[in-house]
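Accompanying notes for the structure given below.
Predicted, not measured: the structure shown is a model, and the values here were computed from it. In what follows, chains are A, B, ... by sequence order, proteins preceding strands, each numbered from 1. What you see below is based on every heavy atom in this structure, not just the backbone, and it leaves out hydrogens, waters and symmetry mates.
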2 protein chains.
Amino acid sequence: MDKKTKQKRVELFERQCRSQGVPFTVQRRAILETVLEFDNHPTAEQVHDAVTTRFPGISRTTVYRTLETLVQMGLITKACHPGSVVRYDRRIEVHHHLVCQRCEEVVDISDERLDALPVPDTSSLGFEVFDFRVQLRGICRRCRKKE
Amino acid sequence: MDKKTKQKRVELFERQCRSQGVPFTVQRRAILETVLEFDNHPTAEQVHDAVTTRFPGISRTTVYRTLETLVQMGLITKACHPGSVVRYDRRIEVHHHLVCQRCEEVVDISDERLDALPVPDTSSLGFEVFDFRVQLRGICRRCRKKE
DNA sequence: TACCAAATGATAATGATTGTCAAGTACAAA
DNA sequence: TTTGTACTTGACAATCATTATCATTTGGTA
């Protein structure tokens, strides 16, 4: 992610804070900037480790809380890994995932044909859909070699 | 899930155990049967609570281990919830999920057009894909009312 | 029936996440 | 600019989910 995109995301965050009456703190800014550095799907713990170099002494609790706040505000997303640890993703645009059923690794992919997915009408369920992800399940190269 | 389908799944399990030299124990049978009773996505803890009525005193550890075994054998799947608890799913056929971005509830849906998804060629990534799921992200009725 | 490899159960250990609350800070109002 | 206040932060404890360990038991086969 280039500098400009990152800066824009931070500015968007600041604007949303102002308009929603949410304090725009240095910690929150540092955490968002740190997540934007990851091109994969870091855990809260990994974000905490990374943000510590930028903001020494920042509390683990704050990182956990802020990540959830950022998700709620739509600035980052939660990645859907099968494992038992929550992972975050700076990517908010539509993209998709390859998930290995053996080692549970998740890799991002982009594919125009997947993006063109016909989103079904879910209004009867009361569900308003505004985004989607395709999860391709299979076995990765490494695990196939093992078997 | 009707009785016959359930029975067939158990028999399939037994056959796979025999052919793979995996002991077919009463505990494993009870756990599989219990998961098949759930029409949603139970956690290991929920499965343990439920299986206890059928098999009093069964160990929590055994439930955790067996659920993973069943996933590895392809008899059940892991559901991909955003939260930090692993959830299981008796459904092994292709189906899709509605995920509420507020309360994180996950609801199964079926849709023929989604099933007809053009699976992209991932061989260059060394990935062998044999299944996929679409995750429709949005906001559920209850959460929309709150907002 | 006896053997053995693998599973089970009890328990402890670990790891992730959340709850609590005193102290600090952002931001709006004066 | 100063002040007040609600919200956030950080330290720490508590909880919850999951995994590791190991002695004991059991399924499956010779």
Side-chain angles (χ1 to χ4, degrees), chain A residues 10 13-32 34-35 41-52 54-73 75 78-88 103-104, chain B residues 10-11 13-35 41-52 54-73 75 78-88 103-104:
Chain A
V10 175
F13 178 39
E14 181 160 8
R15 258 178 286 130
Q16 283 193 221
C17 283
R18 307 282 180 219
S19 71
Q20 293 175 34
V22 173
F24 181 68
T25 66
V26 278
Q27 288 93 337
R28 282 176 175 165
R29 186 200 177 105
I31 291 166
L32 174 57
T34 302
V35 176
H41 307 155
T43 64
E45 218 54 39
Q46 289 173 312
V47 174
H48 177 253
D49 287 352
V51 79
T52 292
R54 184 189 301 253
F55 197 115
I58 193 168
S59 159
R60 178 173 275 99
T61 314
T62 301
V63 173
Y64 275 89
R65 271 187 305 222
T66 300
L67 288 169
E68 279 310 301
T69 305
L70 292 172
V71 170
Q72 290 306 313
M73 292 176 78
L75 287 149
K78 269 191 189 182
C80 256
H81 283 233
S84 62
V85 187
V86 176
R87 289 171 172 278
Y88 297 90
C103 67
E104 304 197 331
Chain B
V10 174
E11 284 166 10
F13 178 39
E14 181 161 9
R15 257 179 287 132
Q16 284 193 219
C17 284
R18 305 284 178 220
S19 71
Q20 294 175 34
V22 174
F24 181 67
T25 66
V26 278
Q27 288 93 336
R28 284 177 172 164
R29 186 199 177 103
I31 291 165
L32 174 57
E33 283 175 348
T34 302
V35 176
H41 307 156
T43 65
E45 218 53 42
Q46 289 173 313
V47 174
H48 177 252
D49 288 351
V51 79
T52 292
R54 184 188 301 252
F55 197 115
I58 193 170
S59 158
R60 179 174 274 99
T61 314
T62 300
V63 173
Y64 275 89
R65 272 187 303 222
T66 299
L67 288 169
E68 279 310 301
T69 304
L70 292 171
V71 170
Q72 290 307 313
M73 293 177 77
L75 286 149
K78 269 191 187 180
C80 256
H81 283 231
S84 63
V85 187
V86 176
R87 289 170 172 278
Y88 297 89
C103 66
E104 304 195 331

Measure the distance from [atom1] on [X] to [atom2] on [N] and round it to the nearest whole Å.
X: Ile58(B); N: dA7(C); atom1: CD1; atom2: P; result: 14 Å
X: Phe24(B); N: dT8(C); atom1: CZ; atom2: C1'; result: 16 Å
X: Tyr64(B); N: dA16(C); atom1: OH; atom2: P; result: 15 Å
X: His48(B); N: dT8(C); atom1: NE2; atom2: P; result: 13 Å
X: Glu104(B); N: dT18(C); atom1: CD; atom2: C1'; result: 14 Å
X: Arg28(A); N: dA26(C); atom1: CZ; atom2: P; result: 11 Å
X: Gln46(A); N: dT17(C); atom1: CD; atom2: C1'; result: 16 Å

Side chains of [X] and [Y], heavy atoms from C-beta outward: is any pair under 4.5 Å?
X: Tyr88(B); Y: Lys78(B); answer: yes
X: Tyr64(B); Y: Val86(B); answer: no
X: Ile58(A); Y: His48(A); answer: yes
X: Phe24(A); Y: Gln16(A); answer: no

Review point. DNA chain C: Glu68(A) or Val22(B), which has the more 5' nearest nucleotide?
Key: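 First, find each residue's nearest nucleotide; the 5'-ward one identifies Val22(B).
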
Check your understanding: Pick the nucleotide of DNA chain C nearest each of Thr43(A) and Gln27(B); which residue has the one closer to the 5' end?
Key ->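 In this pair, the answer is Gln27(B).
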
Point to revise | Heavy-atom closest contact (Ala50(B) atom, Thr34(B) atom, distance) | key: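 Residues Ala50(B) and Thr34(B), closest heavy atoms: CB-CG2, 3.5 Å.
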
Review point. Looking only at heavy atoms, what is the nearest atom pair of Pro23(A) and Cys17(A), with distance?
Key: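 So the minimum-distance heavy-atom pair works out to O-SG, 4.3 Å.
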
Assign [X] to base, sugar-phosphate, or nothing according to its heavy-atom contacts below 4.0 angstrom with the strands shown.
X: Val26(A); result: nothing
X: Arg29(B); result: nothing
X: Arg65(B); result: base
X: Thr61(A); result: base

Exercise for review: Map Cys17(B) and Val85(B) onto DNA chain D by nearest heavy atom, then report which one ends up closer to the 5' terminus.
Suggested key: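 With Cys17(B) and Val85(B) compared, the 5'-side residue is Val85(B).
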
**Study point:** Closest listed nucleotide, where the reference is the side chain of Arg60(A) and the choices are dT8(C), dT11(C), dT17(C)
**Key:**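 Given the options dT8(C), dT11(C), dT17(C), the side chain of Arg60(A) is closest to dT17(C).
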
**Study point:** Outermost DNA chain D nucleotides near chain A [under 4.0 Å, heavy atoms]
**Key:**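 Taking any atom under 4.0 Å from a heavy atom of chain A, the span is dC7(D) to dT18(D).
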
Exercise for review: From the options Arg28(A), Arg29(A), Gln27(A), select the one residue that forms a side chain to side chain contact (heavy atoms under 4.5 Å, CB included) with Thr66(A).
Suggested key: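 Option passing the side chain to side chain contact (heavy atoms under 4.5 Å, CB included) with Thr66(A): Arg28(A).
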
